[in-house]
Structure formats: C-alpha cells, structure tokens
Amino acid sequence: MKKVFRRTSVLLAAAFLSTAAVQAQKSPQDMDRFIDALMKKMTVEEKIGQLNLPVSGEIVTGQAKNSDVAKKVEQGLVGGLLNLKGVEKIRDVQKLAIEHSRLGIPLLFGMDVIHGYETIFPIPLGLSCTWDMPAIEKSARIAATEASADGIMWTFSPMVDISRDPRWGRVSEGNGEDPFLGGAIARAMVLGFQGTDVNEQLKRNDEIMACVKHFALYGASEAGRDYNTVDMSHNRMFNEYMYPYEAAVKAGVGSVMASFNEVDGVPATANRWLMTDVLRKQWGFNGFVVTDFTGIAEMVEHGIGDLQTVSARALNAGVDLDMVSEGFSGTLKKSLEEGKVSMETLDTACRRILEAKYKLGLFDDPYKYCDLKRPARDIFTKEHRDVARKISAESFVLLKNEPAGTGQNPVLPLAKKGTVAVVGPLANTRSNMPGTWSVAARLKDYPSVYEGLQEMMAGKVNITYAKGSNLISDAAYEERATMFGRSLNRDNRTDKELLDEALKIAANADVIVAALGESSEMTGESSSRTNLDLPDVQRTLLEALLKTGKPVVLTLFTGRPLTLNWEQENVPAILNVWFGGSEAAYAIGDVLFGDVNPSGKLTMTFPKNVGQIPIYYAHKNTGRPLPAGKWFEKFRSNYLDVDNDPLYPFGYGLSYTTFQYSDITLSAPIMGQDGSVTAKVTITNTGKRDGAEVVQLYIRDLVGSITRPVKELKGFEKIFLKAGESKTVSFKITPDLLHFYDYDLNYVAEPGDFDLMVGGNSQVVKTARLTLK
C-alpha cells in the first residue's frame with residue numbers, strides 16, 4: 001500500500017551529535033555464507049535454543065555465572081534475554097555466551113523502551129498529539145542512544161495498534177484512532193530507533209532494533225477489555241487497522257511481535273495467514289517474529305491444544321522467538337521427532353534470529369553495545385532533557401480556555417505574579433510524571449508539578465500546595481491503579497480534612513491549578529475501565545474549588561480520552577497534559593505561564609458518554625443518518641439520551657491565538673489515474689500571539705463499490721505562524737491517496753467524485769470537490 005507521509009515544517013532546534021561507532025559494510029551474500037557455516041555446526045538443541053527468550057531473572061553484576069539462566073546460556077539454550085538493565089550486567093552475561101558456550105553465539109538483549117529510556121518523553125498517545133514527525137523521530141533517536149549506551153540493542157516499540165475504544169487501557173501506548181497518522185508515526189519511530197537510511201540501518205552502536213507490535217488488531221478487543229476476543233472482516237482489517245503495521249515493515253523494522261488476541265478464530269501467535277501470508281508474502285517482511293510475554297503458553301487457555309501442540313502451531317505459522325513460555329525449548333525436539341514440525345521450518349526460524357544478530361553487528365563485535373564509558377556520557381543528558389521538555393509541551397492539548405468571569409481575559413496563560421495554588425492528588429507525585437510503561441525511568445528524579453513550578457517561578461510567583469483529595473475514594477481501587485512503585489501515598493485523613501486544607505490554601509491564591517485525572521497506572525496493560533469520568537472525590541474537590549470564585553485551570557493527567565461533560569461546562573480552562581515524561585513539570589509551567597503556546601491536537605475522539613463507544617471520526621453513514629444539526633429524530637441512527645457528537649473531535653486542540661482558513665483552491669477539478677492535483681489553502685494567524693497550527697487534509701469518497709467513511713485523514717502539515725502572518729499550505733493529491741481495499745481485497749482507486757476537506761480539526765473544515773477519471 002502506498003501512502004504519502006507529510007513531514008511537519010516545525011523542526012527541533014536541538015541538533016543531535018553522535019560519536020557512534022559504525023560497523024564495516026558487508027553484503028547479504030557475506031551474511032548468508034556466514035550463517036550457513038554456523039548452522040552446519042549447530043545441534044538441534046542449539047538451534048532450538050536460539051528461539052528461546054527467557055526473562056533475565058536476578059542477575060547481579062559479577063555474579064552472572066551463579067544464576068539459573070546463566071547455565072542455559074552456557075549450554076547454548078538461550079537466544080536472548082529480556083529486561084536486564086545495566087551495561088555491566090549485560091556485558092557479564094554476553095561474556096558468558098561468547099566465552100563459555102560451545103559456539104560462542106552472542107545474545108540479544110531486549111527491553112521495553114516505549115517512550116524514552118531514562119530521559120522520558122510523553123506517553124505515545126500524547127506524543128502522537130504533537131503531529132510532529134521530526135519530533136517523534138527525535139524522541140526515538142534519543143531513546144535508542146540512551147538504551148544502547150546501557151547495553152540494550154532491541155526494543156519492543158513502536159506499538160501501532162489502532163483503537164477506537166478508550167476503555168482499553170493500552171490506548172495510552174498507541175497513536176490513537178487513525179491509520180494514516182498511525183502509519184506516519186510508525187515510520188518515524190522505526191527510523192528513529194534503527195536509523196534514517198533503510199539500507200544502512202543498525203550499523204552504528206547507538207541504533208537499536210525496533211519491534212512493531214502487536215500484530216494484529218490488538219486494539220480492537222471486545223468491550224475494551226485487555227486480551228479479549230477480536231473479530232472483524234478482512235475488509236475492515238485492511239482499510240482501517242493494518243496500515244500502520246505495514247508502514248513499519250516498509251520502514252525496515254527488524255522484528256514484529258504477535259498479539260495476544262485471536263484473529264478469525266485463531267490466536268495471532270498461531271495464525272499462519274497473518275504471520276506468513278500477509279506479513280511475509282504480501283508485505284515482504286524479512287525480519288523475525290517474536291511472541292508477546294508467554295504468548296505461546298496462553299494459547300492453551302485459548303483452547304487450541306496443549307503446550308506441545310500450540311508450540312508447534314506457532315512455529316509452523318511463522319513465529320521465530322518464544323518470549324518466556326519456553327514452549328519451543330521444552331517441546332520442539334519432540335515435535336521434530338514426531339513429524340509435527342520439520343527441520344526446514346526450525347532452520348528457517350533459527351536463521352532469522354541469527355540474521356538479526358548479524359545485522360546488529362554482534363558477530364563482528366559481541367560487545368558493540370557494552371562500552372562502559374557511554375552511560376555517563378549519553379544517558380539523561382541536559383541536551384536530551386531539553387528536547388524532551390520541548391516535545392512534552394508540544395504534546396499538551398488545550399481543550400478549553402475561557403474567562404473565569406465576565407469582562408475578563410481567558411484564564412490562560414497565567415500572569416507571572418501573585419500566588420498560584422497547586423491542588424490535587426497528582427500535584428506532588430514524582431513517580432507518576434513519566435506515565436505508564438516507562439520501565440527504565442528514574443522515578444524519584446523527576447520533579448512533580450508543584451516542585452517544577454516552584455523551581456521555575458522562584459522570586460516571581462508564590463506557589464502553594466495542598467493534596468485536596470486522594471485519587472479515588474475506594475482504597476482498594478487506588479491500590480490497583482498505582483502499581484509498580486507509582487503509589488500516591490494515600491492520605492489517611494478524612495475527605496473533609498483534605499478538602500478543608502485545600503480550600504484554606506485556595507483562599508489565599510489568585511489562581512488555582514487543579515492537577516487531577518488518572519494515575520499513570522490507570523492506563524497501560526491490563527488497565528481497562530468502564531467508567532471514564534473523573535474519579536469521585538476529585539470531582540467533589542473540583543466543584544469546591546470552583547465555588548471559591550477563583551480562576552481554576554484543570555491540568556488534566558490522563559492516558560486515555562475521558563468523559564468530561566461536566567468539566568467542559570463548568571471549568572473555565574482545561575489543559576490536557578497526558579503524562580508528559582521526565583520533564584513534564586517544566587513543560588507544564590512553560591505552557592501555563594505562556595512561554596510556550598500549546599499546539600497539540602487530539603488523535604483520539606473524546607466521547608460524551610461511555611455508551612457512545614466506539615466513537616471515531618472516520619465512521620460510515622448508515623442508510624438512516626441523523627440530519628445535520630439535529631439531536632434526535634425517530635427512526636434515525638441516534639440515541640434517546642445523548643446526541644451523536646463527541647465532546648472533543650479528532651484533530652481538535654485550541655491555542656492562545658486563533659487561525660483562519662481560506663477556501664480551498666485546486667489546480668484542476670479533474671484528475672486522471674496517473675495524474676495529480678494540488679490543493680492549496682491559506683492559513684492566517686488572526687490573534688496576538690505566535691503559534692503553531694496542524695493543518696489537516698481529509699478526503700471522502702462519495703460513491704464506492706463498497707461503503708466508505710464520511711472522511712479519512714490523508715495529509716497534514718504543522719506550520720508556525722507569527723501573529724498576523726499568513727502561509728499557504730499545499731497538498732499534492734494523487735490517486736494513491738484515493739485507494740482502498742474493495743470487497744475482493746483488491747487495492748483500487750475507483751473513478752468518481754471526492755470531497756477534499758482542510759481544517760484545524762476533523763469537524764471544522766473547508767471543502768472542495770475533485771473528480772477522478
């Protein structure tokens with residue numbers, strides 16, 4: 001599938017200088033000869049060992065030989081290790097593999113480097129809201145630099161699962177609801193991790209192998225419940241869900257992770273159609289496939305066989321590496337003897353793992369990623385943190401900004417004077433700032449909102465603090481929502497005592513910054529929710545703060561869209577800061593006090609009501625659509641109790657300035673199958689502040705051989721305009737942008753009329769008509 005990736009024109013000021021070592025150039029034929037020779041020396045057990053990826057266990061530097069996993073390494077029964085942190089530990093274990101195993105085959109070392117290593121960037125959903133591809137690529141480049149400096153050579157990122165259900169906790173790890181944007185981000189992340197030149201990737205010691213996940217359809221689980229069943233037509237798969245995975249493959253991604261869910265009644269981990277027919281034969285993927293954590297063993301619970309059966313099915317489907325289950329290492333030899341798998345299939349999987357190690361340069365230098373001098377030089381540097389702070393601020397989405405009273409200016413930005421009260425259970429918690437899946441984070445080293453604002457505003461603004469409430473009234477629920485060292489240190493005072501303290505602090509403030517929302521672990525894996533309202537005691541706190549009459553800014557922490565009807569109606573200013581990473585506190589200060597003009601745009605629709613879910617902009621019409629401007633009409637597709645519209649649409653986000661769009665002009669109204677048309681629109685900054693705007697192009701196929709969405713994102717560009725400045729943005733429309741998969745899964749661009757729409761979000765657009773001959 002061909003698409004256009006439109007690069008943003010907003011470039012990061014910080015240039016990244018690398019002193020990375022580069023491996024020697026070698027041809028594919030050199031690799032084939034080397035691996036042929038090596039595999040001739042390998043026993044069946046050693047070949048199966050290359051397909052085994054256990055967790056590292058308790059390995060202490062200098063004591064690697066004493067661990068259970070070390071014995072397997074020495075016997076050649078391990079292909080790589082998972083989640084071992086620290087270059088000295090990794091060097092010790094690699095030394096075991098090189099010097100103590102029979103053939104000295106180096107190990108892979110992988111870790112979840114999802115949105116940064118020790119310098120943490122916004123959670124992926126927040127990162128996607130920058131719509132800034134160079135910034136996203138830069139975040140992956142820095143993550144690769146830091147992880148590789150600590151011995152890591154392989155990351156389980158990017159996660160590109162499309163999801164239209166915010167009940168699913170892992171929306172925080174994805175890029176939202178749109179496949180076109182998701183594909184652009186997939187490409188940017190892979191290039192950031194592996195290197196920008198697809199033909200020269202992984203040569204340097206600061207480039208690491210990416211792993212696109214979760215293949216496939218993991219984000220479409222029923223009821224928004226993690227690991228749940230997925231069932232959809234192939235037509236919907238290819239038109240709405242598969243493109244980001246394919247984009248990562250086209251960008252050269254070195255590995256693919258199988259998803260937990262079933263597809264067409266067969267778990268993805270044993271689905272040959274997915275892993276071989278689509279991934280390898282249709283898309284040309286030539287890397288290796290790894291299971292998710294215990295993915296093979298979990299197929300027993302799915303009900304398709306015992307461990308030996310499901311292990312054989314996974315290998316025969318095209319899975320190469322078994323993460324943690326030890327189904328391959330425990331059963332494949334028996335399956336070979338019984339003819340349930342072939343030696344050719346085993347050899348193919350083994351070769352793919354060895355090829356990955358060869359491409360990483362580990363056979364030339366097993367210690368390529370074990371330079372003990374690099375951590376101090378390359379991890380959590382000021383340069384990296386400065387970039388993270390800038391990107392963090394760029395991810396924030398201003399949802400509302402109105403005056404707190406009649407005759408006043410909008411609440412934001414705040415004046416750098418007086419007293420600002422920072423109130424809420426998320427106002428003074430360092431460990432929650434990085435967000436979920438920040439595995440290598442230094443949880444105690446990142447300032448909280450209160451601490452960051454105090455530091456930034458010293459001598460200018462008096463910053464005060466009160467917790468105001470616990471996260472949730474239910475203590476057991478709060479414990480489930482604050483795992484992995486992310487505790488909010490539940491306060492044992494009564495709700496009234498906490499609230500009274502907050503109101504006392506607020507009474508002496510000029511402005512209240514309410515740091516409310518979800519804790520970092522209320523989203524992420526196995527963190528699904530059925531109620532997406534602000535938690536109970538936090539709503540009570542917010543209501544009381546508003547009753548003081550002081551201006552209130554809801555500084556919203558969340559890893560998913562929430563239902564914020566009451567907040568939208570009653571709170572004058574709402575700034576969604578997601579979880580912005582290690583530098584989030586400073587970035588929040590930058591935006592609150594006006595040093596940075598917010599420019600984030602939503603990449604996932606915010607519903608008014610959980611009952612609207614799934615709700616997404618690229619929906620299809622029914623035969624009985626609700627007429628525009630109406631809430632309810634009998635015998636139309638609508639609800640009795642709420643209208644069909646979202647609270648905040650896809651692509652939405654306010655600024656401290658305003659932008660005006662001209663009508664669209666086309667270079668021609670008609671386009672041939674081999675032609676192109678240029679669509680132009682002029683955007684003017686009509687406000688008093690400089691700012692950035694994401695110009696979004698949507699296209700609707702008005703008549704198709706199958707039903708088509710009411711609009712689809714097909715281009716975007718982020719531009720910066722000074723106050724009063726205008727700029728003309730051009731989009732090149734080609735037939736590639738009009739293609740889709742028809743009923744028979746042919747990739748076609750059908751002649752007919754198309755509406756081109758350009759605007760600052762998916763709902764407010766200018767429209768022009770184009771005809772494809």
Salt-bridge present (K718, E394; N to O < 4.0 Å): yes
Aromatic ring proximity, centroids under 6.0 angstrom, F650 and W131: yes
Separation between NZ of K601 and SG of C129, rounded to the nearest 0.5 Å: 11.0 Å
CG on L127 to CG on N175, rounded to 0.5 Å: 8.0 Å
Closest approach of V571 to V552 (non-hydrogen atoms, all atoms of both residues): CG1-O, 3.9 Å
Under-4.0 Å salt bridge between D500 and K496: yes
Over all atoms of both residues, closest heavy-atom pair of P124 and E173: CB-O, 3.2 Å
Under 3.5 Å side-chain donor-acceptor pair for D378 and T145: no
Carboxylate-amine/guanidinium contact D595 K416, below 4.0 Å: yes
pair R225-W168: side-chain heavy atoms closer than 4.5 Å: no
Student check: side-chain heavy atoms of V695 and V758 closer than 4.5 Å: yes
Side-chain heavy atoms of L542 within contact of L534, under 4.5 Å: yes
Basic-acidic side-chain contact under 4.0 Å: K467, E497: no
Check: V511 and K550 side chains under 4.5 Å, non-hydrogen atoms: no
Pairwise side-chain contact, W631 with D645, heavy-atom cut-off 4.5 Å (strictly under): no
Distance-minimising heavy-atom pair for A584 and M433: CB-CE, 3.7 Å
Point-to-point distance, once rounded to the nearest 0.5 Å, from OH of Y446 to CD1 of I120: 4.5 Å
Pair E518 + R560, salt bridge at N-O below 4.0 Å: yes
Ring geometry between Y652 and Y648 (parallel below 30°, tilted from 30 to 60°, perpendicular above 60°): parallel
Pair F557 + F579: ring centers closer than 6.0 Å: yes
Flag for S163-E177: side-chain donor and acceptor within less than 3.5 Å: no
Gap separating the CG atom of L412 from the CD1 atom of I574, nearest 0.5 angstrom: 10.5 Å
Least distance between heavy atoms, V449 atom then L426 atom: CG2-O, 4.2 Å
Spatial distance of atom CG (N638) from atom CZ (F632) [nearest 0.5 Å]: 5.5 Å
Any side-chain donor near an acceptor of the partner, T436 and E521, under 3.5 Å: yes
Rounded distance [0.5 Å steps], CE in M522 versus CG in L532: 9.5 Å
Flag for D226-S528: side-chain donor and acceptor within less than 3.5 Å: no
E451 and S448 side chains, donor-acceptor separation under 3.5 Å: yes
Atom CZ of F484 with >12 non-hydrogen neighbours under 6.0 angstrom: no
Residues Y617 and Q763: side-chain donor-acceptor under 3.5 angstrom: no
Donor on one side chain, acceptor on other, T658 and T686, under 3.5 Å: yes
Taking every non-hydrogen atom, the tightest pair across D690 and A723: OD1-N, 2.8 Å
Salt bridge present between K138 and D132 (N-O < 4.0 angstrom): no
Residues D386, K390: salt bridge by 4.0 Å N-O rule: no
Carboxylate-amine/guanidinium proximity below 4.0 Å for E567 and R539: yes
Side-chain donor-acceptor pair present, D150, Y117, cut-off under 3.5 Å: yes
Min side-chain heavy-atom separation T464-T419 under 4.5 Å: yes
Intermediate values then yes/no, salt bridge (Lys or Arg N to Asp or Glu O under 4.0 Å), R389 and D590: CA-CA 9 Å; R389 176 172 174 171; D590 290 338; 2.8 Å; yes
Closest non-hydrogen atom pair between S520 and N432, with its separation: N-OD1, 2.8 Å
Side-chain donor or acceptor of T482 paired with backbone N/O of S487 under 3.5 Å: no
Test item: side-chain donor near acceptor, S655 and N597, under 3.5 Å: yes
Salt bridge (Lys or Arg N to Asp or Glu O under 4.0 Å) evaluation trace for E501 with R493: CA-CA 11 Å; E501 180 188 54; R493 288 177 288 174; 3.3 Å; yes
E479, CD: over 12 other non-hydrogen atoms inside 6.0 angstrom: no
Side-chain heavy atoms of Q538 within contact of D533, under 4.5 Å: no
